[in-house]
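By convention in this document, chain letters (A, B, ...) are assigned in the order of the sequence lines, proteins followed by strands, and residues within each chain are numbered from 1.
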2 protein chains.
Amino acid sequence: MQIGEISKKTGLSISTLRYYDKHGLLQNIDRSNGGIRKFDDKDLEALRIILCLKTSGMKISEIKQFMDWCSKGDTTIDKRLNMFYQQEKNINEQIDILNKSLKLIKFKQWYYETAKRDGTEKNVKDMNIDDYPDDIRKLYEETHTN
Amino acid sequence: MQIGEISKKTGLSISTLRYYDKHGLLQNIDRSNGGIRKFDDKDLEALRIILCLKTSGMKISEIKQFMDWCSKGDTTIDKRLNMFYQQEKNINEQIDILNKSLKLIKFKQWYYETAKRDGTEKNVKDMNIDDYPDDIRKLYEETHTN
DNA sequence: GCTTGACCTAAACCAAAGTTTAGATTGTAT
DNA sequence: ATACAATCTAAACTTTGGTTTAGGTCAAGC
């Protein structure tokens, strides 16, 4: 497979693929005699991991580190395993943060739904917290502490 | 409250707070006669939203758009409500992506745990998919389709 | 042999989200 | 009055993750 086909399969632009190659994320990609990159399934699998790590917030330089470990062989198995443990933690933290954001978003939805019904923000803005519906007050308290 | 105290309360650096102010995220912050910013609880509440929107992936320019709507009054209630609906969708999509990443991470944890036990990556690399444990094969199939 | 679309590199460019720097001002405490 | 920490601005700088541009090659079909 050539770079154009890989681009279509992964959704990454051709220039991004070349950028990743240049920065060491795609290690020992074959080349034709003329210098054209020849990708195989192993490269697609590497890209799957790269995309996974990238979308879960890992930096290019850290992904390169991992790829370097992969090339280095069995002596780095432990490092790679620990990286995946760490990345699991990172992802779970991100999900927690997103769920917390979601609570504030939900509260604001109620706030603006109320304002919309009233035709004005005034009433809901001046409303006493104790007069919020129970579930909304709970959201408010969870998102407005400390 | 002055900028240093707000910095401590929000965890944002002083320069970031000034950057946000400059880019219109903190609208009509009071100033002392000498020009020093005086923050109040309303500003802290605004920062709560700013942080929530930022950590859930919204760009500074989009957050500014929202703040501009807030300043514009009741005519923009609908736009603001819709923004919160849209942001809920965005967050849920992000969580989905993270959960998908988590599956590949889990698969790789098993892969490297096995390699670690064996002392080499060789066996597990060459292993037939049908010989994966059931739960792991499921993870593999969920993350290696299309 | 020639054309043509896909590919190549290096280097410049870009946007976002800040951070740093330099030099000036404020305002509180002694 | 003076010292001092905290604040101010404008402008330059930084990092990350690419994209764009310019000027070539490659290789398949006619």
Side-chain angles (χ1 to χ4, degrees), chain A residues 1-40 43-44 46-68 87 90 94 97 101, chain B residues 1-40 43-44 46-68 87 90 94 97 101:
Chain A
M1 291 170 284
Q2 295 192 176
I3 202 166
E5 193 178 347
I6 297 293
S7 170
K8 270 166 207 154
K9 280 196 181 171
T10 60
L12 294 169
S13 75
I14 289 176
S15 63
T16 298
L17 286 166
R18 292 205 268 243
Y19 174 86
Y20 285 176
D21 188 13
K22 193 176 183 178
H23 287 76
L25 270 54
L26 302 170
Q27 301 199 346
N28 52 337
I29 296 287
D30 270 5
R31 299 271 188 150
S32 73
N33 284 348
I36 286 178
R37 292 177 186 82
K38 312 295 269 176
F39 295 80
D40 59 24
D43 302 320
L44 270 181
L47 278 165
R48 210 187 293 276
I49 301 290
I50 289 168
L51 275 173
C52 164
L53 295 176
K54 192 173 73 75
T55 63
S56 58
M58 195 174 275
K59 279 189 293 183
I60 298 296
S61 59
E62 295 170 317
I63 300 175
K64 175 182 170 14
Q65 168 74 285
F66 170 69
M67 291 302 171
D68 288 346
Q87 193 60 5
N90 293 155
Q94 287 183 66
I97 288 172
S101 290
Chain B
M1 292 171 284
Q2 294 189 179
I3 202 165
E5 194 179 347
I6 298 294
S7 170
K8 269 166 206 153
K9 281 195 180 172
T10 59
L12 294 169
S13 76
I14 289 175
S15 62
T16 298
L17 286 166
R18 291 205 268 246
Y19 173 86
Y20 285 177
D21 187 12
K22 192 175 183 179
H23 287 75
L25 271 54
L26 303 170
Q27 301 199 344
N28 53 336
I29 296 288
D30 270 5
R31 298 273 188 148
S32 73
N33 283 348
I36 286 177
R37 292 176 186 82
K38 312 294 269 176
F39 295 80
D40 59 24
D43 302 320
L44 271 180
L47 278 164
R48 210 187 294 277
I49 302 290
I50 289 167
L51 275 171
C52 163
L53 295 175
K54 194 175 71 77
T55 63
S56 57
M58 196 174 275
K59 279 189 292 182
I60 298 297
S61 59
E62 295 171 317
I63 300 175
K64 175 180 170 13
Q65 168 74 285
F66 170 69
M67 291 303 169
D68 287 346
Q87 193 60 8
N90 293 156
Q94 288 182 64
I97 289 171
S101 291

Can you check the [X] [atom1] to [N] [atom2] distance for me, whole Å?
| X | N | atom1 | atom2 | result |
| --- | --- | --- | --- | --- |
| Arg31(B) | dT7(D) | CZ | P | 13 Å |
| Ile50(A) | dG18(D) | CD1 | C1' | 15 Å |
| Asp21(B) | dA10(D) | CG | P | 11 Å |
| Ile29(A) | dT9(C) | CD1 | P | 12 Å |
| Ile3(A) | dT9(C) | CD1 | P | 8 Å |
| Phe39(A) | dC7(C) | CZ | P | 10 Å |
| Tyr19(B) | dT20(C) | OH | C1' | 15 Å |
| Ile6(B) | dT7(D) | CD1 | C1' | 14 Å |

- Item | First of Lys59(A) and Glu5(B) reached from the 5' end of DNA chain D, by closest nucleotide |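 The residue whose closest nucleotide sits nearer the 5' end is Glu5(B).
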- Item | Position toward the 5' end of DNA chain D (nearest nucleotide), Gly34(A) or Leu12(A) |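 Mapping each residue to its closest nucleotide by heavy atoms, the 5'-most match is Leu12(A).
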- side chain to side chain contact (heavy atoms under 4.5 Å, CB included) assessment of Gln2(A) paired with Lys38(A): CA-CA 5 Å; Gln2(A) 295 192 176; Lys38(A) 312 295 269 176; 4.0 Å; yes
- Task: Begin from the C-alpha positions of Lys54(A) and Tyr20(A) and carry the test side chain to side chain contact (heavy atoms under 4.5 Å, CB included) through to its verdict.
- Result: CA-CA 11 Å; Lys54(A) 192 173 73 75; Tyr20(A) 285 176; 2.9 Å; yes
State whether [X] places a side-chain N or O below 4.0 Å from either non-bridging phosphate oxygen (OP1 or OP2) of [N].
| X | N | value |
| --- | --- | --- |
| Arg37(B) | dT9(D) | yes |
| Tyr20(B) | dG18(C) | yes |
| Ser13(B) | dT19(C) | yes |
| Thr16(A) | dT19(D) | yes |

Minimum-distance nucleotide to [X] side chain [options: [options]]:
| X | options | answer |
| --- | --- | --- |
| Lys22(A) | dT7(D), dC8(C), dA11(C) | dA11(C) |
| Ile60(A) | dT9(D), dG18(D), dT19(D) | dG18(D) |
| Ser32(B) | dT26(C), dG17(D), dG18(C) | dT26(C) |
| Ser15(B) | dT26(C), dG18(C), dT20(C) | dT20(C) |
| Gln2(B) | dG17(D), dA6(D), dC26(D) | dA6(D) |

- Message: Main chain of Ile97(B), side chain of Ser101(B): is a donor-acceptor contact present, judged purely on distance under 3.5 Å?
- Response: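 It does hold such a pair.
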- Could you tell me whether a side-chain N or O of Gln94(B) sits under 3.5 Å from a main-chain N or O of Ser56(B), the two making a donor and an acceptor?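 Answer holds: yes.
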- Message: Categorize Lys54(A) for me: base, sugar-phosphate, or nothing, with a 4.0 angstrom heavy-atom threshold over every strand shown.
- Response: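 Sugar-phosphate: the residue Lys54(A), judged by heavy atoms under 4.0 Å, touches backbone atoms but no base.
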- Message: Taking the nucleotide of DNA chain C with the nearest heavy atom to each, does Asn33(B) or Ser61(B) sit closer to the 5' end?
- Response: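 Its nearest nucleotide being more 5', the pick is Ser61(B).
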- Query: Hey, what do you get for CG (Asp43(B)) to CG (Asp30(B)), rounding to the nearest 0.5 Å?
  - Reply: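 Taking CG in Asp43(B) and CG in Asp30(B), the distance rounds to 7.5 Å.
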- Full working for side chain to side chain contact (heavy atoms under 4.5 Å, CB included) between Leu44(A) and Met1(A): CA-CA 10 Å; Leu44(A) 270 181; Met1(A) 291 170 284; 4.0 Å; yes
